[in-house]
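Below you'll find the structure, written out as C-alpha cells, and then a few comments.
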Protein chains: 2
Amino acid sequence: MRPFKHPHPDDFVLERVLYALSDPVRLEIVRHLAQVAEASCGELDGGRPKSSMSHHFRVLRDSGLVCTYGVGTTHMNSLRRADLESRFPGLLQAILDNTDA
Amino acid sequence: MRPFKHPHPDDFVLERVLYALSDPVRLEIVRHLAQVAEASCGELDGGRPKSSMSHHFRVLRDSGLVCTYGVGTTHMNSLRRADLESRFPGLLQAILDNTDA
DNA sequence: TCCATTGTTCGAATATTATCGAACAACTGA
DNA sequence: TCAGTTGTTCGATAATATTCGAACAATGGA
C-alpha cells in the first residue's frame, strides 16, 4: 500500500479548503474527525457507497484538511489541525464552532 | 428598481457561505469590500463581463455575504459583517486574515 | 422625451462535480 | 495459498456551475 500524497501547508489554497468544506458530506466527515481524532473510512461513511466516499476523502486530502494512512487493510483518517492552524489561523475552529443553529 | 432579497442571518447556511467564498472571483470581491466598506458592481469587475459579475453577486447575496441596494443607476454592495459575525463568529475574519502566502 | 449609464435576466455552450457500480489492489488470517 | 475485508480506481451518467452575448429594465441628465 503506497502512501497518499499530502500537500505541504505552504501549498494549501484557501479556495480549495473552503470548497472542500462546502459539501455537506465532507463537512460532516471533518466534524466527526474533530471529535474522534482518528477514524477509518468505514466508520465515516453514512451507508454511502465506498466509491463515493473515496472521492470525498480524496478532495479532503488534496485540500490539506485530512491525512490518510494505511493500517492493515483499513485507512485511518485524521484532521490536519496543526497544519491548518499554521496556514489559516482560526479558520477551522470558526467552522467547527458552528453547530448549525 | 425593486430591492433584492437578502436572507436573514438565521437562514444563513454555512456550506453556502463556504461555497460562495471558494470561487476566486467572489473571494476577491469580498476582500475588496472588506477594505472599502462599499462599492458599486462596476468598481468590482476586473474587466469581466457584467453578466458574469451579476451572477457572482447573486451567489454572494443569496449566501448572506453581501448586501446590495440601488443608488441611482448603480448598485452598491457591502459586506454583511455584523450579520456574519453573529451567525458564524470569527469565520469571516479568519478568511480575510489570510493574505495568501 | 431621448439618450447614455448601470446592471439584471435570459438562453445556450462549456466545464466541473457528484454519484455509484464494477473491477482491481493491498493486507490479514486461517 | 485461498478467502474475506477495506478502499481505490475506472468509466459512465446526471446534476450544477461558470461564462458570456444579447435583450431588457431602471435611473438620471440634457
Side-chain angles (χ1 to χ4, degrees), chain A residues 1-7 13-30 32-33 36 38-79, chain B residues 1-7 13-30 32-33 36 38-79:
Chain A
M1 182 185 292
R2 58 183 164 300
F4 291 104
K5 248 208 291 191
H6 296 90
V13 177
L14 180 59
E15 287 93 324
R16 284 201 184 285
V17 172
L18 297 177
Y19 179 78
L21 291 169
S22 72
D23 181 279
V25 175
R26 291 190 293 260
L27 184 55
E28 184 188 330
I29 292 173
V30 168
H32 188 121
L33 286 177
V36 300
E38 199 173 75
S40 69
C41 297
E43 298 178 63
L44 294 163
D45 63 23
R48 278 173 272 268
K50 302 186 174 202
S51 52
S52 298
M53 296 308 288
S54 196
H55 161 69
H56 288 304
F57 280 114
R58 194 171 63 74
V59 173
L60 289 171
R61 265 194 311 272
D62 292 350
S63 70
L65 278 161
V66 163
C67 168
T68 306
Y69 61 100
V71 176
T73 69
T74 84
H75 287 181
M76 293 306 277
N77 304 279
S78 61
L79 255 185
Chain B
M1 183 185 294
R2 58 185 165 298
F4 290 102
K5 248 209 289 193
H6 296 90
V13 178
L14 180 59
E15 287 92 324
R16 283 198 185 287
V17 172
L18 297 177
Y19 180 78
L21 291 169
S22 73
D23 181 277
V25 175
R26 291 191 292 260
L27 184 56
E28 185 189 329
I29 292 174
V30 169
H32 187 121
L33 286 177
V36 300
E38 199 173 76
S40 68
C41 297
E43 298 177 63
L44 294 163
D45 63 23
R48 277 174 273 267
K50 303 187 174 201
S51 52
S52 297
M53 295 309 289
S54 197
H55 162 70
H56 288 303
F57 279 115
R58 192 169 66 73
V59 174
L60 289 170
R61 265 196 309 274
D62 292 350
S63 70
L65 278 160
V66 164
C67 168
T68 306
Y69 62 99
V71 177
T73 68
T74 84
H75 287 180
M76 293 306 277
N77 303 278
S78 60
L79 254 186

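Just so we're clear, the structure is a prediction, and the values are computed from it rather than from any experiment. In what follows, every chain begins at residue 1, and chains take the letters A, B, ... in the order their sequences are listed.
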Does [N] have its OP1 or OP2 closer than 4.0 Å to a side-chain nitrogen or oxygen of [X]?
X: Arg26(A); N: dA18(C); value: yes
X: Tyr19(A); N: dA17(D); value: no
X: His56(B); N: dT19(D); value: yes
X: Ser51(A); N: dG21(C); value: no
X: Ser54(B); N: dG7(C); value: no
X: His75(A); N: dT8(D); value: yes

Could you state the interatomic distance from [atom1] ([X]) to [atom2] ([Y]), rounded to the nearest 0.5 Å?
X: Ser78(A); Y: Tyr69(A); atom1: OG; atom2: OH; result: 6.0 Å
X: Asp62(A); Y: Arg16(A); atom1: CG; atom2: CZ; result: 8.0 Å
X: Ser63(A); Y: Leu21(A); atom1: OG; atom2: CG; result: 6.5 Å

Nearest-Å distance for atom pair [atom1]/[atom2], residues [X] and [N]:
X: Leu18(A); N: dA17(D); atom1: CG; atom2: P; answer: 16 Å
X: Arg58(B); N: dT18(D); atom1: CZ; atom2: P; answer: 10 Å
X: Asp45(B); N: dT19(D); atom1: CG; atom2: C1'; answer: 14 Å
X: Phe57(A); N: dT8(D); atom1: CZ; atom2: C1'; answer: 12 Å
X: Asp62(B); N: dA17(D); atom1: CG; atom2: C1'; answer: 14 Å
X: Asp23(A); N: dT16(C); atom1: CG; atom2: P; answer: 18 Å
X: His55(B); N: dA15(C); atom1: NE2; atom2: C1'; answer: 13 Å
X: Tyr69(A); N: dT6(D); atom1: OH; atom2: P; answer: 17 Å

Item to check | Residue closer to the 5' end of DNA chain C, Val59(A) versus Val71(A) (nearest nucleotide) | outcome: Val59(A)

Checklist entry - How do Met53(B) and Pro49(A) order along DNA chain C: which one's closest nucleotide is nearer the 5' end? => result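 On the 5' side of the pair lies Met53(B).
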
Out of [options], which nucleotide sits closest to the side chain of [X]?
X: Thr74(B); options: dT18(D), dT8(C), dT6(C); value: dT6(C)
X: Ser52(B); options: dA18(C), dT19(D), dT18(D); value: dT19(D)
X: Phe4(A); options: dT8(D), dA18(C), dG7(C); value: dT8(D)

Next on the checklist: Is there a side-chain contact between Val66(B) and His6(B) in this structure, where contact means two heavy atoms from C-beta onward sitting under 4.5 Å apart?
Outcome noted: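 Result no, sub-4.5 Å side-chain heavy-atom pair not found.
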
Checklist entry - Any donor-acceptor pair under 3.5 Å linking the side chain of Ser22(B) with the backbone of Tyr19(B)? => result yes

Next on the checklist: Looking at every non-hydrogen atom in both residues, tell me the closest pair between Val17(A) and Leu65(A) and how far apart they are.
Outcome noted: O-CD1, 4.0 Å

Item to check | Phe57(A) and His75(A) aromatic centres sub-6.0 Å | outcome: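 Ring-ring flag for Phe57(A)/His75(A): false, centres at least 6.0 Å apart.
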
Next on the checklist: One thing to verify: whether Glu15(A) and Arg26(B) come together as a salt bridge, which I'm taking to mean a side-chain N less than 4.0 angstrom from a carboxylate O.
Outcome noted: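 So Arg26(B) does not pair with Glu15(A) through a salt bridge.
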
Interface polar pairs with nucleotides 3-5 of chain C, N/O, under 3.5 angstrom:
none

